[in-house]
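Right, one structure below, let's go through it.
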Amino acid sequence: MNRFEYLEARTLPEAITLLGQGDGTRIVAGATDFLVRWRQGVWKPRAVLSIKRIPGLDQVSYSPATGLSLGPLVSIRALEIHPLIQQHYPALSQAAATFAGVQIRNLATVGGNICNASPAGDSLPALIAYGAECRLIGPEGERLVPLERFLLGPGRTALRPAELLMELRLPPSPPHTGALYIKHSPRSAMDISTVGVASVVTFDGGDGVCREVRIALGAVAPTVLRAGSAETLLRGQRLEAELIQQAARAATEDASPIDDVRGTARHRRAIVEALTGRTLRSAIQMAQGANIPFRTQRALAVEAML
Ligand SMILES: Cc1cc2nc3c(=O)[nH]c(=O)nc-3n(C[C@H](O)[C@H](O)[C@H](O)COP(=O)(O)OP(=O)(O)OC[C@H]3O[C@@H](n4cnc5c(N)ncnc54)[C@H](O)[C@@H]3O)c2cc1C
């Protein structure tokens, strides 16, 4: 096994300084991705920098005016069970509930899931559908980057040298909004997605017209991406069954899946169509006031072959 120097930062400036002291220092948070890649010999860092002791990076805060702020060390388990996240950003809690087993959910962080930049990362479709932005800090100061632009490809992000993710911001979720994430995978637990779809729908009010819709597709392209043509069909319209079906078909054209051990590209396109339709129909019901308990949402969010 490759040896490395182990470093700990107590403040953000200290982390930036340590990251800047030569190439080959890798940040770790929960280390659930790190340990797998290190043991496989894929990652051979000269030094590993833990950010777990930096105070405040595990905070969740919400206000109706400014929305949700998540520190990068917020665990996937906290996303799953936090009452305000379940209430205002349910697709994020649903996605967290589909993630690995509870032991991994306790260790794994939302920042690690983002910075690992897997196209199958389960938190990513919901975060993108809710319009998340990444607040980054580095030697040149802070900058805000929309998550859609932060993810550049498998394992590649917009992070610059010695930069780190210090916060995620999600805008307020307007009234009359509903959302569902569905993960399709071979097994119902401890498996990564073959396809993951998150849909967030907002109505204008009682008139039944869709004011905003955001659909994000996971594991069907080098990065998680928006189903832009499907969204365009729905925005400003009454969401009748036929139109939802058309949008679900359009989403298959927005995707660009590959064949791999988890499924063929053709199979993945068929799943995109099915999951887009299902996530939209449930999101619409929730946006129109249906009270679906979280345990039911969690059951809806997992679709497995075994
Ligand atoms: C058994 C098992 C099951 C899993 N199941 C799932 C699953 O169902 N769904 C899923 O999406 N993932 C799954 N994963 C993958 C993994 O758990 C997640 O990607 C997790 O969210 C990573 O978080 P972490 O804190 O452990 O990241 P780490 O391993 O600590 O780091 C991951 C990457 O992010 C970087 N990083 C971390 N934090 C920051 C930061 N603040 N700023 C800059 N860079 C940073 C690190 O340098 C590293 O490159 C699984 C992993 C295992 C081992």
Side-chain angles (χ1 to χ4, degrees), residues 4 6-9 12 15-16 18-19 24-40 42-54 56-59 70-80 92 94-128 134-138 142-143 145 147 150-151 154-168 181 183-196 198 218-219 224 262 301-302 304:
F4 55 78
Y6 178 76
L7 307 169
E8 277 183 359
L12 284 170
I16 294 162
L18 289 168
L19 285 171
T25 301
R26 184 175 287 277
I27 295 176
V28 287
T32 58
D33 279 316
F34 171 75
L35 281 176
V36 173
R37 300 284 163 78
W38 174 67
R39 285 208 178 123
Q40 291 169 338
V42 179
W43 287 349
K44 298 175 182 167
R46 182 189 59 77
V48 163
L49 172 65
S50 171
I51 56 171
K52 292 284 270 189
R53 289 184 191 270
I54 303 178
L57 293 190
D58 59 353
Q59 296 298 302
L70 297 173
L73 296 183
V74 170
S75 70
I76 300 296
R77 179 72 174 154
L79 297 182
E80 178 189 359
L92 198 50
Q94 298 151 9
T98 71
F99 199 109
V102 76
Q103 293 94 336
I104 293 284
R105 297 207 281 274
N106 274 318
L107 286 171
T109 65
V110 65
N113 202 227
I114 290 172
C115 295
N116 192 50
S118 162
D122 277 308
S123 72
L124 304 176
L127 287 168
I128 287 179
C134 301
R135 186 171 160 218
L136 311 177
I137 185 162
E142 290 184 22
R143 61 194 179 110
V145 179
L147 179 54
F150 180 76
L151 302 168
R156 290 197 308 119
T157 69
L159 279 172
R160 294 175 184 155
E163 218 175 25
L164 60 105
L165 174 66
M166 66 179 288
E167 187 191 1
L168 277 166
Y181 174 73
K183 168 178 182 165
H184 177 99
S185 63
R187 294 180 304 174
S188 60
M190 300 301 282
D191 210 342
I192 61 167
S193 310
T194 309
V195 177
V224 174
R262 287 173 193 283
V302 180

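Note that ligands are numbered from 1 as they come in the structure, with each ligand's atoms numbered from 1 the same way. Counting from 1, the numbers follow the sequence of the chain as shown.
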Can you tell me if Lys52 has over 12 outside heavy atoms packed within less than 6.0 Å of its NZ?
yes
Specify the protein heavy atom at minimum distance from atom 46 (C) of ligand 1: its residue, its atom name, and the distance to 0.1 Å.
Ile27 O, 3.0 Å
May I ask you to check whether Thr25 and Arg46 show a side-chain donor-acceptor distance below 3.5 Å?
yes
A side-chain contact here means heavy atoms from C-beta on lying under 4.5 Å apart; do Leu147 and Val224 qualify?
no
Should one rank Phe99, Trp38, Phe34, Trp43 by closest heavy-atom distance to atom 14 (N) of ligand 1, which comes out on top?
Phe99
Residue, atom name and distance, where the atom is the protein heavy atom closest to atom 21 (O) of ligand 1
Thr109 O, 3.0 Å
Quick check on contacts: which atoms of ligand 1 are under 4.0 angstrom from a heavy atom of Ile51?
41 (N)
Taking only heavy atoms of Gly121, which atoms of ligand 1 are found under 4.0 Å from at least one of them?
11 (O)
How about Asn113 and Phe99: do any of their side-chain heavy atoms sit closer than 4.5 Å?
yes
Is any side-chain heavy atom of Thr109 closer than 4.5 Å to one of Leu57?
no
Contact between Arg160 and Arg143 at the side-chain level, heavy atoms closer than 4.5 Å - yes or no?
yes
Heavy-atom proximity to atom 32 (C) of ligand 1, picking from Gly112, Cys134, Ala108, points to Gly112
Would a 4.5 Å heavy-atom cut-off, applied to side chains only, mark Leu70 and Leu79 as touching?
yes
Contact with ligand 1 for Met166, non-hydrogen, under 4.0 angstrom
no
Which bit of Lys183 is near ligand 1, meaning a heavy atom under 4.0 Å away: side chain, backbone, both or neither?
side chain
for atom 5 (N) of ligand 1, nearest protein heavy atom and its distance come out as Ala100 CB, 3.3 Å
Hey, looking at atom 39 (C) of ligand 1, which of Pro72, Cys115, Ala15 has the closest heavy atom?
Cys115
pair Leu168-Cys134: side-chain heavy atoms closer than 4.5 Å
yes
Ranked by distance from atom 17 (O) of ligand 1, the top protein heavy atom is Thr32 OG1, 2.7 Å
Using heavy-atom distances only, which candidate in Asp122, Leu164, Leu35 approaches atom 9 (N) of ligand 1 most closely?
Asp122
